[in-house]
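Right, one structure below, let's go through it.
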Amino acid sequence: HYRQFHCTRGVFGLIKKQHKEGGWGNPGGEIFTAPLHETVNGKIFLDGTIGKLGHVEDVVMPIKDGKLLLDEITSRDPELLSKIKAYFNSNVDEGAHFVGELGIGVSSGIKYSGDSLSDEKAMGTIHFGIGDSESERGTGGKIVSKSHIDVVLARPTLKAKISGEWKTIIDDGKMVV
């Protein structure tokens with residue numbers, strides 16, 4: 001089964017996700033799946049968290065054919081940009097820079113804090129796992145890596161094409177379905 005996702009505030013581009021029976025999970029406040037990584041194209045406009053780096057603002061992360069283009073990441077803050085590139089460059093196995101996961105935070109009891117492990121579960125956030133697609137958790141993903149870095153968007157707008165019609169799932173960080 002395939003559905004298309006489009007995020008207008010956070011990611012510009014289309015994502016087709018692969019759904020495997022039993023592939024949805026809700027471990028402590030998130031719904032997640034593995035996208036068909038080669039169909040992920042666009043830019044993540046990030047005001048949110050990046051793994052252990054914490055909260056970041058005004059970062060643009062281009063993705064082509066599912067791969068994060070490290071040399072094309074931009075930020076207004078040169079020091080932050082250097083930290084981001086070093087962080088992602090510390091993970092260099094074959095799958096380390098591919099989009100392996102798309103997740104939606106659904107826990108109303110968790111508020112955005114700048115800690116990616118809890119932020120990815122906060123209601124109205126979305127996140128992309130860069131690296132391993134965690135197929136052992138039933139995602140159906142094909143990306144294998146020793147690395148998995150969550151990039152969390154604090155206030156995204158997310159639309160999904162369902163039965164041929166675009167429907168808004170999250171609008172500026174607020175769930176609408």
Side-chain angles (χ1 to χ4, degrees), residues 3-19 23-37 39-63 66-68 70 73 75 84 87-88 91 95-141 143 145 147-160 168-177:
R3 289 193 174 82
Q4 292 179 325
F5 293 88
H6 179 72
C7 184
T8 55
R9 181 171 178 189
V11 173
F12 176 76
L14 291 178
I15 300 166
K16 291 183 181 176
K17 75 123 185 115
Q18 180 174 9
H19 174 71
W24 290 97
N26 191 353
E30 68 177 297
I31 298 170
F32 63 93
T33 192
L36 295 172
H37 68 276
T39 68
V40 180
N41 290 289
K43 295 179 181 180
I44 298 174
F45 295 92
L46 185 61
D47 287 320
T49 55
I50 298 177
K52 295 176 183 175
L53 293 178
H55 180 77
V56 300
E57 295 179 0
D58 298 319
V59 174
V60 180
M61 303 174 73
I63 297 173
K67 187 171 186 177
L68 177 61
L70 289 176
I73 295 173
S75 171
I84 291 169
Y87 187 47
F88 281 103
N91 303 295
H97 300 134
F98 284 91
V99 177
E101 175 193 20
L102 167 66
I104 300 172
V106 295
S107 178
S108 60
I110 298 175
K111 302 298 178 208
Y112 180 84
S113 66
D115 172 17
S116 67
L117 290 177
S118 60
D119 290 345
E120 69 181 16
K121 295 166 179 56
M123 179 73 76
T125 62
I126 66 169
H127 65 277
F128 296 89
I130 307 296
D132 194 73
S133 59
E134 301 185 340
S135 58
E136 71 281 357
R137 293 172 69 187
T139 65
I143 302 298
S145 175
S147 174
H148 181 95
I149 298 172
D150 286 317
V151 175
V152 183
L153 287 69
R155 293 180 43 216
T157 295
L158 179 68
K159 296 182 180 187
T168 301
I169 308 298
I170 302 172
D171 186 16
D172 196 26
K174 306 260 189 283
M175 293 289 239
V176 294
V177 293

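It should be emphasised that the depicted structure is a prediction, and the values quoted were computed from it without experimental measurement. The first residue in the sequence is number 1, and the count goes up from there. Excluded from the calculations below are hydrogen atoms, water molecules and symmetry mates; all remaining heavy atoms, backbone and side chain alike, are included.
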Using a 3.5 Å cut-off and no angle test, enumerate the donor-acceptor pairs between side-chain atoms of residues 100-108 and protein atoms at least two apart in sequence or in another chain.
residue	atom	partner	partner atom	Å
Glu101	OE1	His148	NE2	2.9
Glu101	OE2	His127	NE2	3.2
Ser107	OG	Gly109	N	3.4

Full working for side chain to side chain contact (heavy atoms under 4.5 Å, CB included) between Phe128 and Leu153: CA-CA 9 Å; Phe128 296 89; Leu153 287 69; 4.0 Å; yes
Walk me through it: do Ile73 and Val59 pass the test side chain to side chain contact (heavy atoms under 4.5 Å, CB included)? CA-CA 7 Å; Ile73 295 173; Val59 174; 4.0 Å; yes
May I have the step-by-step check of side chain to side chain contact (heavy atoms under 4.5 Å, CB included) for His55 and Tyr112, ending in yes or no? CA-CA 10 Å; His55 180 77; Tyr112 180 84; 2.6 Å; yes
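Shown here for Gly124 and Ile170, the closest heavy-atom pair between the two residues is O-CG2, 3.6 Å. The shortest non-hydrogen separation linking Ile110 to Lys121 is CD1-CB, 3.8 Å. Nearest heavy-atom pair, Asp119 versus Gly114, reported as atom, atom and distance to 0.1 Å: OD2-N, 2.8 Å. Annotation for Val40 and Pro35: closest pair CG2-CB, 4.0 Å, computed over non-hydrogen atoms. Across all non-hydrogen atoms, the minimal contact from Ile143 to Gly131 is CG2-O, 3.1 Å. In terms of heavy-atom proximity, Ile126 sits nearest to Leu158 at CG2-CD2, 4.0 Å.
Applying the side chain to side chain contact (heavy atoms under 4.5 Å, CB included) criterion to Ala96, with sequence neighbours excluded, gives Asn91, Asp93, Ser145, Ser147. Legend: residues meeting side chain to side chain contact (heavy atoms under 4.5 Å, CB included) with Phe88, ordered by chain and number and at least two apart, are Ile50, Met61, Leu68, Leu70, Ile84, His97, Ile130, Ile149, Val151. With sequence neighbours excluded, no residue forms a side chain to side chain donor-acceptor pair (under 3.5 Å) with Ser116. When the salt bridge (Lys or Arg N to Asp or Glu O under 4.0 Å) test is applied to Asp58, the partners found at least two apart in sequence or on another chain are Arg76.
Applying salt bridge (Lys or Arg N to Asp or Glu O under 4.0 Å) to Arg155 and the options Asp172, Asp47, Asp171 leaves one that passes, Asp172.
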